[in-house]
Amino acid sequence: MKTKKLNIYDHLKIEKKWQKYWISKKIYKTTEDNKKPSCYVLEMFPYPSGVGLHVGHPRGYIAGDVYSRFKRMNGFNVLHPMGYDAFGLPAEQYAIQNKIHPKKAVEENIETFRNQLDLIGLSYDWSRVVNTTDPKYYKWTQWIFLKLYESWYNKVSNKAEPIEDLINTFEKEGNKSIDAACDSDLRIFTDTEWKSLSDLEKHNILMKYRLAFEGFSEVNWCPEMGTVLANDEIVDGSDGKPVSERGNHPVEKKTLRQWFLRITAYADRLIEGLDGIDWSHHIKEIQKNWIGKSVGSEITFAIKGMEEKINVFTTRADTLFGVTYVVLAPEADLVKKLLPKISNRKDVEKYIAGVKLKTDEDRMSTVKEKTGVILEGIKAINPANQEEVPVFVADYVLATYGTGMVMAVPAHDDRDFAFAKKYNLPIKEVIVPERIDKRNPPVEGKKIVERKNVHVVVKNPKTGMYIGLRYKKHNWTTFPMGGIEDGENLIDSAKRELLEETGYKNVTEGVVLGGQVRAEYFAAHKDQNRVSYTNLVYFELLDEEKEKISDEENEEHEVIWLSEKDINSNLMTHAEMDIWLERLNKGDVAYINDGVIVNSREFNGLNNLDAIKKITDFVRGEIVTKYKMRDAVFARQRYWGEPIPLIHKKDGTISVVSEKKLPLELPNVKSYEAIGNGESPLAGVKDWVEKGYETNTMPGWAGSSWYFLRYMDPKNNKSFVGEKALKYWKQVDMYIGGAEHATGHLLYSRFWNKFLFDYGLVLEDEPFKCYKNLGMILGSDNRKMSKRWGNVVNPDEVVKNVGADTLRVYESFMGPFEQEISWSTDSMVGSRRFLERVWKLQEKVIERFVDSSDTEALLHKTIKKVGEDIDSFNANTAISSMMILLNHLDGVESISEDLYLNYIKILSPFAPHMCEEIWANLGQKKSVVLADWPKYDESKIKSAKVNIPVQINGRVRATLIVDTDLDQATVEKLALENSDVQKWLEGKEIKKKIFVKNKILNLVI
RNA sequence: GCGCGAGUGGUGUAAUUGGUAAACACGCCAGUCUUAGGAACUGGUGGCGCAAGCCGUGGAGGUUCAAGUCCUCUCUCGCGCACCA
């Protein structure tokens, strides 16, 4: 055996050496290569914020890097780029705080950032770097914006089309046959009408169709910063009021001129597209939720004696017969029209004014406290039954969703219920839950009799016990119960039954809990099927005074006292107990689930879901789809963003900056700070304003909505991406990033990509085939890493102390990738030890050594496992399996060079520097980065022996070590020979044997 | 409130998808060595019990020869939305 003198593992020297080598050999440079399949791996690019990285940031970069290296070794041509998202609030705020120009600040920050990244040994092709603030880049952001501006969404072809085509149609036939995603306040016009319009009028109409359009909206206004914020830039402050995420400044509402992108046009496609992509379930759910599709009915209520109509949107047309009033949002246009016609105009105006004073937060914080005011003299007519119902204005109805008007069905909607209770409005039940008594199900062919029943719950508050009845003959336990007689009210009937059956008479005023329940059962004593409609009435016992009860009743049952637990177990009631328990627990609540229709004329008896369409048709309503998602505000009153390339003309119309003149570069300004009056700093640039340029700039997410395309072809100055590059790379195969972008960036990128797809400018409908959601690394105190908590760990320090490879291995090993996890410098030593032990293994290598078959089997198993785990982003178990192999190798005398080379290959994606060093030490010429991933041999994985646990009645009593693939008979024979097994079987008969090959033998005695 | 997800040793976590629960690592305990270190190596380490053995994956039931895994109910935590009719 030869011994080698082994140097110690000097990570500083090794890492520096190989990082230099990779750069000098341009080893990560990527070009299209049609001989190889492509693989595009991308991590979300960062804001170069200037604070620098903490150890949480590289987690995603490392994961992407491991995956890239793995794919590269498997014969893929891997595109793995990195860049900077440097426009937007963070960069601007940093610049303001540090009193330097944002451009300068960005340059500095990028340098810091780059230096930190380089230390980690990431395999980026830096020749493709993009920077959203580079005019050569934002030229194309502006170009795409103009494309959006000059497009409309055709719902017939279901895609974006040039606005020119729309204008042509208008000139030929007006807009009557156009079905577009557009503003809702459009009127129908003919071609002649169109032609007679002025330029400005035409311009204004087209604006209602454009995918990028100008409008006014209430926005989140931050006076301190003098700027508008997106919803995801706002967080709850310490007092619960909204504040800006950066700087914690208060945020309020303000109406401003804005640019919007009509993302709602793509709502359906954004939902459907999710089915075909491999994203974590969680993120898909968040997006679906955010888009908030719901299918419902629009139903028109006439107003008695007036021409105006109330058009409501509801998903519950099945409850139309249960409407007891109608509610309009305070902002609804109809309210203004009705004002002159009502007798309490002052009250209503006062209420509306009061609502306006409330902030969004106030409106939200009072979720339970409903307020509103009646419109005196207005009666809406329910189209289903011609009933006249009152009309209210209430701020629990949102003007911005549906039609801004709703029908109120207090019996089946929590909010309407709360409102009705407060204002003492009638509650009319039209759905009852439907149950079939499983213990006494209806018998086919028997007569069906309908009955109205009452169940009586009486609690003795002194003991906490409930009155029950035990039926002597059947041994049933029930509540007191019985039929309701004609003309009798529920409470009286309940009292009567209580008295007759138990003799108790002094009880509190009764409460009817919830509505009826419909139940079907077979009444054996009468030989008939019954359909019962039952209510639950609740009393508390005042005293124990009793009247004598009839012999007849006495003979049938006796009174017993039931504990809460008894009730929870089981009683004999119509329908299952759960439904009664729900009423008992929740008290007086609206019943809003599914069931069977009642009190609705010919629709009675229908399942409520079936009734939706039928009742909608009956009142000539229309089935429509609504979304929660709103169009995206695409303007900021800031300096540091892409200029919007539009020119406002004196006549009020707008023209575009021609493509030749792009990019429209940001002008130099004296002060890039917000000027505080709601206008962008650009509004203070004389020259800019004189030329009519738009003074708003684009929001932070503009440049990031398409950057993944630019990496494919970053230097192209003829188009945002060239055809050749596009055809080769197609889309991002693996995208890695944080969950905080679920409803922002990840949605906007999909939207832009779909838009470009409509024009054939990209080849895939979805930009990111697979998305992995990065779990945050918390500080060791389980809090978000932040200066504020003093729990920040700097990666540079870690790299210096233990090396980039250790950092990489540790971050891969610490836990499941998508899971949040806290940093532990203590735990990291395990990863360092692991690498040191692999390093030391060099001493054991003998060139032509023949490894044992055990060792070989484990190697092949490990190759397989590591490959599969990297592919599925389970790096933690990949590392663990390499540790298992290492533990095994520690126990053998020598290892073959071949085996060690394979080991180094599979470790190299995680610890590239050390692996390069060892690789070179072993005399390999070419970089390990370019090595082929080893192939495993399935036949070698099977080791000769296998452990078979022998269970007796499901408990392991012995473990046999037997040859692999042994058949049942042989294993059984061996098992029966085993003394432990014999001991357990002694004198017993084996009733059943279960055998799973190579897995288990279970003997049942 | 609604939607989604998760609960496993002292800790991070694993479990071939229904087949020996706790692999791997941290920590801890004992030992070895010594140039005394916050080093390395070896062994041990879920709980109860002297032991045979019993118990054990948030809790309660169930299905099964067999349940961390499937079903029903329930509790707790995290995330998202939040009066969306």
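Labels below follow one simple rule: chain letters A, B, ... track the order of the sequence lines, proteins then strands, and each chain is numbered from 1.
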Examine the base of B/rC83 for any acceptor or donor lying under 3.5 Å from a partner atom in the side chain of A/Lys370, and report the outcome as yes or no.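 Answer is yes: a donor-acceptor pair is held.
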Indicate, yes or no, whether a donor-acceptor pair under 3.5 Å links the base of B/rC81 to the side chain of A/Asn289.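 It does not, because no donor-acceptor pair links the side chain of A/Asn289 to the base of B/rC81 below 3.5 Å.
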Does B/rU17 count as syn, meaning its glycosidic angle lies within 90° of 0, or as anti?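 B/rU17: syn.
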Torsion-based syn/anti label for B/rG49, 90° from 0 as limit: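 Anti, which is what one calls it when the glycosidic angle falls more than 90° from 0.
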With a non-hydrogen cut-off below 4.0 angstrom, is [X] in contact with a base, only sugar-phosphate, or nothing?
{"X": "A/Val1004", "answer": "sugar-phosphate"}
{"X": "A/Lys983", "answer": "sugar-phosphate"}
{"X": "A/Ile884", "answer": "sugar-phosphate"}
{"X": "A/Ser294", "answer": "sugar-phosphate"}
{"X": "A/Arg832", "answer": "nothing"}
{"X": "A/Tyr627", "answer": "nothing"}
{"X": "A/Leu1003", "answer": "nothing"}
{"X": "A/Trp823", "answer": "nothing"}

Check whether any side-chain N or O of [X] sits under 4.0 Å from OP1 or OP2 of [N], and answer yes or no.
{"X": "A/His281", "N": "B/rG5", "value": "yes"}
{"X": "A/Arg955", "N": "B/rC55", "value": "yes"}
{"X": "A/Lys993", "N": "B/rA66", "value": "no"}
{"X": "A/Asn773", "N": "B/rC79", "value": "no"}
{"X": "A/Tyr401", "N": "B/rA85", "value": "yes"}
{"X": "A/Ser881", "N": "B/rA23", "value": "no"}

From the set [options], return the single nucleotide nearest to any side-chain atom of [X].
{"X": "A/Leu398", "options": "B/rA85, B/rC81, B/rU13", "result": "B/rA85"}
{"X": "A/Met883", "options": "B/rC65, B/rA25, B/rA85", "result": "B/rA25"}
{"X": "A/Phe313", "options": "B/rA85, B/rA23, B/rC54", "result": "B/rA85"}
{"X": "A/Tyr396", "options": "B/rA14, B/rC83, B/rG3", "result": "B/rC83"}
{"X": "A/Thr877", "options": "B/rA15, B/rC65, B/rC81", "result": "B/rA15"}
{"X": "A/Gln819", "options": "B/rU13, B/rG3, B/rC83", "result": "B/rU13"}

Are [X] and [Y] ion-paired here, with the side-chain N under 4.0 Å from a carboxylate O?
{"X": "A/Lys840", "Y": "A/Glu836", "result": "no"}
{"X": "A/Glu893", "Y": "A/Lys844", "result": "no"}
{"X": "A/Asp967", "Y": "A/Lys997", "result": "no"}

My understanding is that only one of A/Thr314, A/Asp318, A/Thr616 makes a side chain to side chain donor-acceptor pair (under 3.5 Å) with A/Ser297; could you say which?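 For A/Ser297, the side chain to side chain donor-acceptor pair (under 3.5 Å) check succeeds only for A/Thr616.
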Rounded distance (nearest 0.5 Å) linking atom CD1 of A/Ile271 with atom NZ of A/Lys288: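 Interatomic distance, A/Ile271 CD1 to A/Lys288 NZ, rounded to 0.5 Å: 8.0 Å.
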Pairwise distance CD(A/Glu820) to NZ(A/Lys784) - rounded to 0.5 angstrom: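 One gets 9.0 Å once the value is rounded to the nearest 0.5 Å.
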Within 45° of the ring axis of A/Trp823 and under 6.0 Å from its six-membered ring centre, is that where the NZ or CZ of A/Arg783 lies?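 Cation-pi check for A/Arg783 and A/Trp823: fails.
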Is the positively charged end of A/Lys626 above the ring of A/Phe313, judged by distance under 6.0 angstrom from the centroid and angle within 45° of the axis?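 Yes, cation above the ring, under 6.0 Å and within 45°.
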Atom-to-atom span, [atom1] of [X] to [atom2] of [N] - whole angstrom:
{"X": "A/Leu778", "N": "B/rC79", "atom1": "CG", "atom2": "P", "value": "10 Å"}
{"X": "A/Glu820", "N": "B/rC77", "atom1": "CD", "atom2": "C1'", "value": "12 Å"}
{"X": "A/Lys861", "N": "B/rU16", "atom1": "NZ", "atom2": "P", "value": "13 Å"}
{"X": "A/Ile283", "N": "B/rC81", "atom1": "CD1", "atom2": "P", "value": "11 Å"}
{"X": "A/Phe817", "N": "B/rU13", "atom1": "CZ", "atom2": "C1'", "value": "17 Å"}
{"X": "A/Lys784", "N": "B/rG78", "atom1": "NZ", "atom2": "P", "value": "15 Å"}

Side-chain donor-acceptor pair present, A/Tyr396, A/Thr371, cut-off under 3.5 Å: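 The answer is no; no qualifying pair exists.
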For A/Asn311 and A/Thr403, does a side-chain donor sit closer than 3.5 Å to a side-chain acceptor?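 Note: A/Asn311 and A/Thr403 side chains miss the donor-acceptor criterion.
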Name all pairs fulfilling the salt bridge (Lys or Arg N to Asp or Glu O under 4.0 Å) condition that reach into residues 880-891 of chain A, sequence neighbours left out, sorted by first residue then second.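 Matches after skipping sequence neighbours: A/Arg837-A/Asp890.
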Output one line per pair: protein atom, nucleotide atom from nucleotides 20-22 of chain B, and distance, for all N/O pairs under 3.5 Å.
from   : atom 1 : to       : atom 2 : distance (Å)
B/rU20 : O4     : A/Asn947 : ND2    : 3.2

side-chain contact (heavy atoms from CB on, under 4.5 Å) for A/Leu886 and A/Phe834? Distances and angles first, verdict last. CA-CA 8 Å; A/Leu886 175 65; A/Phe834 165 63; 3.6 Å; yes
Can you confirm whether or not the ring centre of A/Phe419 sits under 6.0 Å from the ring centre of A/Phe392?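 Yes, they do, as the ring centres are separated by less than 6.0 Å.
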Please, which pairs that meet ring pair (Phe, Tyr, Trp, His ring centres under 6.0 Å) have at least one residue in residues 861-884 of chain A, sequence neighbours excluded?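 Every pair satisfying ring pair (Phe, Tyr, Trp, His ring centres under 6.0 Å) with a residue in residues 861-884 of chain A: A/Tyr67-A/Phe873, A/Phe817-A/Phe873.
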Name the pairs: protein N/O against N/O of nucleotides 37-42 of chain B, kept only if under 3.5 Å.
from   : atom 1 : to       : atom 2 : distance (Å)
B/rA40 : OP1    : A/Arg833 : NE     : 3.3

Between B/rA21 and B/rA14, how many Å separate the two C1' atoms, rounded to a whole number?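 Here B/rA21 and B/rA14 have their C1' atoms 10 Å from each other.
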Rounding to the closest angstrom, what is the interatomic distance between B/rG9 and B/rG18 at atom C1'?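 Approximately 24 Å lies between the C1' atom of B/rG9 and that of B/rG18.
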Give every pair of a protein N or O atom and an N or O atom of nucleotides 8-11 of chain B that lie under 3.5 Å apart, one pair per line with the distance.
none

With respect to A/Leu858, which candidate in A/Leu885, A/Ile941, A/Asn887 satisfies the side chain to side chain contact (heavy atoms under 4.5 Å, CB included) definition?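 Answer to the side chain to side chain contact (heavy atoms under 4.5 Å, CB included) test with A/Leu858 among A/Leu885, A/Ile941, A/Asn887: A/Leu885.
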Step by step, work out the side-chain contact (heavy atoms from CB on, under 4.5 Å) result for A/Ile1005 and A/Leu985. CA-CA 8 Å; A/Ile1005 56 175; A/Leu985 288 180; 3.5 Å; yes
Name the stems that RNA chain B belongs to, where each is three or more consecutive Watson-Crick or G-U pairs with both distances under 3.5 Å?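 RNA chain B forms these stems: B:1-7 with B:75-81, B:10-12 with B:24-26, B:27-32 with B:40-45, B:46-48 with B:53-55, B:58-62 with B:70-74.
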